[in-house]
Amino acid sequence: MLLNGIINENEFYSDHYLSEIFEGDIRGVLDEWNARETRERDEAKTRGEKGGQYQGYRTPPNRLNGLARDYIQG
């Protein structure tokens with residue numbers, strides 16, 4: 001797992017925790033984010049919204065990616 005943007009201030013967490021355990025600890029949150037986005041996209045499709053029109057829930061990484069794309073293009 002990439003830990004871009006995560007700073008281990010004063011080595012608060014051990015290297016072992018960050019490399020081996022951290023991903024498992026947050027897996028449930030990541031899975032719920034992905035499931036919610038998928039569920040809401042599917043609901044939008046059934047309502048007839050196209051991909052470019054979708055304004056529903058997006059996972060935090062996907063929102064950040066969209067902001068970065070808009071910033072670079074703008």
Side-chain angles (χ1 to χ4, degrees):
M1 169 178 218
L2 291 174
L3 299 177
N4 295 340
I6 295 179
I7 299 171
N8 191 11
E9 192 76 27
N10 293 323
E11 296 189 22
F12 184 79
Y13 296 104
S14 70
D15 289 333
H16 171 72
Y17 175 77
L18 289 175
S19 66
E20 301 296 328
I21 302 170
F22 179 69
E23 185 175 3
D25 285 352
I26 65 167
R27 175 59 44 206
V29 173
L30 298 175
D31 289 345
E32 178 54 35
W33 286 349
N34 290 325
R36 180 176 173 192
E37 182 173 349
T38 301
R39 183 175 57 248
E40 291 194 18
R41 278 188 186 276
D42 290 343
E43 290 171 1
K45 285 179 186 176
T46 61
R47 290 190 305 268
E49 294 180 25
K50 302 245 187 279
Q53 298 172 332
Y54 177 72
Q55 297 296 317
Y57 178 80
R58 295 175 63 205
T59 65
N62 288 344
R63 279 186 283 172
L64 185 59
N65 186 29
L67 291 172
R69 184 178 47 250
D70 293 344
Y71 177 76
I72 290 171
Q73 291 177 351

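Nothing here was measured: the structure is a model prediction, and the numbers come from that model.
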Report task. Evaluate whether atom CD1 of Ile7 has more than 12 neighbouring non-hydrogen atoms of other residues, nucleotides or ligands under 6.0 angstrom away. Result ->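 Counting other residues, nucleotides and ligands, CD1 of Ile7 stays at 12 neighbours or fewer.
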Query raised in the report: Out of curiosity, Tyr57 OH to Arg41 CZ, how far, rounded to the nearest 0.5 Å?
Result: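 One gets 11.5 Å once the value is rounded to the nearest 0.5 Å.
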Requested in this report: Kindly compute the distance separating CZ (Arg58) from CZ (Arg63), expressed to the nearest 0.5 Å.
Outcome: 8.5 Å
Query - Test item: Phe22 and Ile26 side chains (from C-beta on) under 4.5 Å apart, heavy atoms - result: yes
Query raised in the report: Taking side chain as C-beta onward, heavy atoms only, is Asp42 less than 4.5 Å from Thr46?
Result: no
Query raised in the report: Excluding sequence neighbours, so at least two apart, what forms side chain to side chain donor-acceptor pair (under 3.5 Å) with Tyr17?
Result: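 Side chain to side chain donor-acceptor pair (under 3.5 Å) list for Tyr17, sorted by chain: Asp25.
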**Report entry** For Asn8, side chain to side chain donor-acceptor pair (under 3.5 Å) partners two or more places apart
**Finding:** none
Requested in this report: Give the cluster check for Phe12 versus Leu18: same hydrophobic cluster or not, with ILVMFWY residues linked at side-chain heavy-atom distances below 4.5 Å.
Outcome: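 Result: yes, single cluster for both.
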Report task. Of all the heavy-atom pairs spanning Asn62 and Glu37, show the shortest one and how long it is. Result -> ND2-OE1, 2.9 Å
When the side chains of residues 27-36 are checked against the rest of the protein, which donor-acceptor pairs come out under 3.5 Å, sequence neighbours left out?
unit_1 : atom_1 : unit_2 : atom_2 : d
Arg27  : NH2    : Glu23  : OE2    : 2.7
Asn34  : ND2    : Leu30  : O      : 3.2
Arg36  : NE     : Glu40  : OE2    : 3.1

